[in-house]
Chemist: 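Structure in structure tokens, see below.
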Amino acid sequence: MAGILVWFWNERFWLPHNVTWADLKNTDEATFPQAEDLYLAIPLAFCIFMIRLFFERFIAKPCALALKIQASGPQKAQHNAILEKVFTAITKHPDEKRLEGLSKQLDWDVRSIQRWFRQRRNQEKPSTLTRFCESMWKFTFNLYIFTYGVRYLKKTPWLWNTRQCWYNYPYQQLTADLHYYYVVELSFYWSLMFSQFTDIKRKDFGIMLLHHLATISLITFSYVNNMVRVGTLVMCLHDMADVLLEAAKMANYSKCQKLCDLLFVVFALVFVIARLGVFPLWILNTTLFESWEIVGPYPSWWVFNLLLLVLQSLHLFWSYLIVKIACKAISKGKTGKWNPLHVSKDDRSDIESSSDEEDSAPRTQKSHHASTNGVNSSNGINGYLTGAASSDEH
């Protein structure tokens, strides 16, 4: 184990040439980031999760009820022991052969059995109240940490001149404000990593898991090798759009359609400009080119920039979906009748949809559903394109 730790913390990987860990030890005169500082993030993530539970129950829920958001979920399926056993033990999406067998066994027509399975799947989805509470928590935290980041960064020289991120690197001292910003942000993402397995299940669960892993890795990497200055810029830039996203979702749950549409448009603009414009031209420019010129590359420098490029690829993916959604909305020409957020929540994972919805059913069964109940649209995105009136999603 000792040999593995020595290999993992190899100075030639983590630090620039001629710099050692001994050079970055804390003294009475100087404080530098230490890897052990990040151990605090795990218990703090648990504390943040407990604060979330308190917030959702005693603050978000009363707000939701005041906005007349109902706690009731979808219509419950009629109790049937045989179908329930198939649903829980075999499949939630029976194929045509199984449907025909159940039809003969129960003396029900196939459409009734399809309807039962659809209602049973919907029964497992969280209520609008639950969704509102989750969004209000994320909105509140993101607004707080974004405000803190802006107030902190506006006093720093590297916000206005990114070359300051690399002057005297890696001997840049760690302040208490910067340490707090990093640990709280990292703890929040750890709490999201844990809660992702218990929260509303989203279609692109894997994409968001990759996003959380990349973000946690970036925060950890940048702290350990003291790239915290550029790290603060990355964190603040990302928090900006998340605030608008959660606000749009809350407006949608509250049935404030015009406000929801406005917030979604602002979110889309901010997201695309920040992630496809500011991030590559400002962040990647300084991490790839300015740092190369001032400090020079070393092994962890390559890993750090690789993680940033992974993040940028996710930005491209989500921006493509957002632009596609906006184009569909414009082409349909149904302003005020069609809510783009109903699709965006399907495409960009944070605007949630259950992974057990109709589009994951077998193709043969989809055609029956579309023709009998109109749940699935021709676009195959869980029916959200059928209009705001037919959906209680965000």
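Values reported hereafter were calculated over all heavy atoms of this structure, with side chains retained and with hydrogens, waters and symmetry mates removed.
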Chemist: Looking at A248, is its backbone amide N or carbonyl O close enough to the side chain of N252 to form a donor-acceptor pair, meaning the two atoms are under 3.5 Å apart?
Modeler: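 Not confirmed, N252 side chain does not pair with A248 backbone.
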Chemist: If you measure from the Lys or Arg side-chain nitrogens to the Asp or Glu carboxylate oxygens, is any gap between E134 and K249 under 4.0 Å?
Modeler: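 So E134 does not pair with K249 through a salt bridge.
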Chemist: Hey, does Y148 have a side-chain heavy atom less than 4.5 Å from the side chain of Y180?
Modeler: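 Side chain of Y180 against side chain of Y148, heavy atoms only: contact under 4.5 Å found.
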Chemist: Do we see a donor-acceptor contact under 3.5 Å between the side chains of S127 and T130?
Modeler: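 S127 vs T130: donor-acceptor pair found between side chains.
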Chemist: Classify the ring geometry between F87 and F117 as parallel (under 30°), tilted (30 to 60°) or perpendicular (over 60°).
Modeler: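 Taking F117 first and then F87, their aromatic rings sit tilted (interplane angle of 30° to 60°).
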Chemist: F221 vs W14 aromatic rings, parallel, tilted or perpendicular, using cut-offs 30° and 60°?
Modeler: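 F221 and W14: tilted rings.
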Chemist: Is there side-chain contact between F32 and D23, with heavy atoms separated by less than 4.5 Å?
Modeler: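 Side chain of F32 against side chain of D23, heavy atoms only: no contact under 4.5 Å found.
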Chemist: For the ring pair W318 and H211, is the centre-to-centre distance below 6.0 Å?
Modeler: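 Centroid separation for W318 and H211: below 6.0 Å.
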Chemist: Show your reasoning for whether side-chain contact (heavy atoms from CB on, under 4.5 Å) applies to L288 and L308.
Modeler: CA-CA 10 Å; L288 287 170; L308 287 175; over 6 Å; no
Chemist: side-chain contact (heavy atoms from CB on, under 4.5 Å) for I59 and W137? Distances and angles first, verdict last.
Modeler: CA-CA 9 Å; I59 299 177; W137 160 250; over 6 Å; no
Chemist: Would you check if V228 and Y181 make a side-chain contact, meaning some heavy-atom pair closer than 4.5 Å?
Modeler: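 SC-SC contact between V228 and Y181 ruled out.
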Chemist: Under 3.5 Å, is there a donor on one side chain and an acceptor on the other for T232 and Y182?
Modeler: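 No.
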Chemist: In terms of side-chain heavy atoms, does D261 have a donor or acceptor partner in Q257 at a distance below 3.5 Å?
Modeler: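 Yes, Q257 and D261 have a side-chain donor paired with an acceptor closer than 3.5 Å.
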Chemist: Using side-chain heavy atoms (C-beta onward) and a distance below 4.5 Å, is Q114 in contact with V110?
Modeler: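 A side-chain contact under 4.5 Å exists here.
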Chemist: Decide yes or no for L67 and Y253: does some side-chain heavy atom of the first lie under 4.5 Å from some side-chain heavy atom of the second?
Modeler: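 No, every pair of side-chain atoms sits at 4.5 Å or beyond.
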Chemist: Counting C-beta onward and ignoring hydrogens, is there a side-chain heavy-atom pair between E290 and C165 closer than 4.5 Å?
Modeler: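 They are not in contact (no side-chain heavy atoms under 4.5 Å apart), so the answer is no.
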Chemist: Is it the case that the ring center of F46 lies less than 6.0 angstrom away from the ring center of F194?
Modeler: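 Centroid separation for F194 and F46: 6.0 Å or greater.
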Chemist: Do other residues, nucleotides or ligands put more than 12 heavy atoms under 6.0 Å from the CZ atom of R98?
Modeler: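 No, because the 6.0 Å sphere around CZ of R98 holds 12 heavy atoms or fewer from other groups.
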Chemist: Distance-only, no hydrogens or angles: does the E246 side chain make a donor-acceptor pair with backbone N or O of T140 under 3.5 Å?
Modeler: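 No, the answer is negative, given that no donor and acceptor are paired below the 3.5 Å cut-off.
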Chemist: Are T162 and W282 close enough that a side-chain donor and a side-chain acceptor fall under 3.5 Å?
Modeler: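 Checked: T162/W282 side chains show no N/O donor-acceptor pair below 3.5 Å.
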Chemist: How are the rings of F141 and F188 set to each other: parallel, tilted or perpendicular (split at 30° and 60°)?
Modeler: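 It falls in the parallel class, under 30°.
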Chemist: Do N225 and P170 make a side-chain contact, defined as non-hydrogen atoms from C-beta onward lying under 4.5 Å apart?
Modeler: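 Contact flag for N225/P170 side chains = no.
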Chemist: Between N226 and Y169, is any side-chain donor less than 3.5 angstrom from a side-chain acceptor?
Modeler: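 No donor-acceptor contact under 3.5 Å links the two side chains.
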Chemist: Do the side chains of E100 and K104 get close enough for a salt bridge, i.e. N-O under 4.0 angstrom?
Modeler: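 Looking at K104 together with E100, the answer is no, because their closest N to O distance does not fall below 4.0 Å.
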Chemist: Between M227 and V230, does the side-chain contact (heavy atoms from CB on, under 4.5 Å) criterion hold? Intermediate values first, please.
Modeler: CA-CA 6 Å; M227 290 184 178; V230 72; 4.1 Å; yes
Chemist: Please determine, by modelled atom types, if T286 and W166 share a side-chain donor-acceptor pair under 3.5 angstrom.
Modeler: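 Side-chain D/A pair, T286 to W166: present.
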Chemist: Do R120 and E84 come within less than 4.5 Å of each other through their side chains, counting heavy atoms only?
Modeler: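 In short, these two side chains touch, coming nearer than 4.5 Å.
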Chemist: Is the count of non-hydrogen atoms from other residues, nucleotides or ligands lying under 6.0 Å from Y167 atom OH greater than 12?
Modeler: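 Above 12, so yes.
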Chemist: Considering residues, nucleotides and ligands other than R57, do more than 12 of their heavy atoms fall under 6.0 Å from its CZ?
Modeler: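 At most 12 heavy atoms, drawn from other residues, nucleotides or ligands, come within 6.0 Å of this atom.
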Chemist: For this output row, return yes or no: ring centroids of H315 and H238 closer than 6.0 angstrom.
Modeler: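 Between H315 and H238, the centre distance is under 6.0 Å.
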Chemist: Is it true that the side chains of T287 and W292 contain a donor and an acceptor less than 3.5 Å apart?
Modeler: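 Short answer, no.
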Chemist: To the closest 0.5 Å, what do you measure between CG (L284) and CG (N305)?
Modeler: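 Interatomic distance, L284 CG to N305 CG, rounded to 0.5 Å: 7.5 Å.
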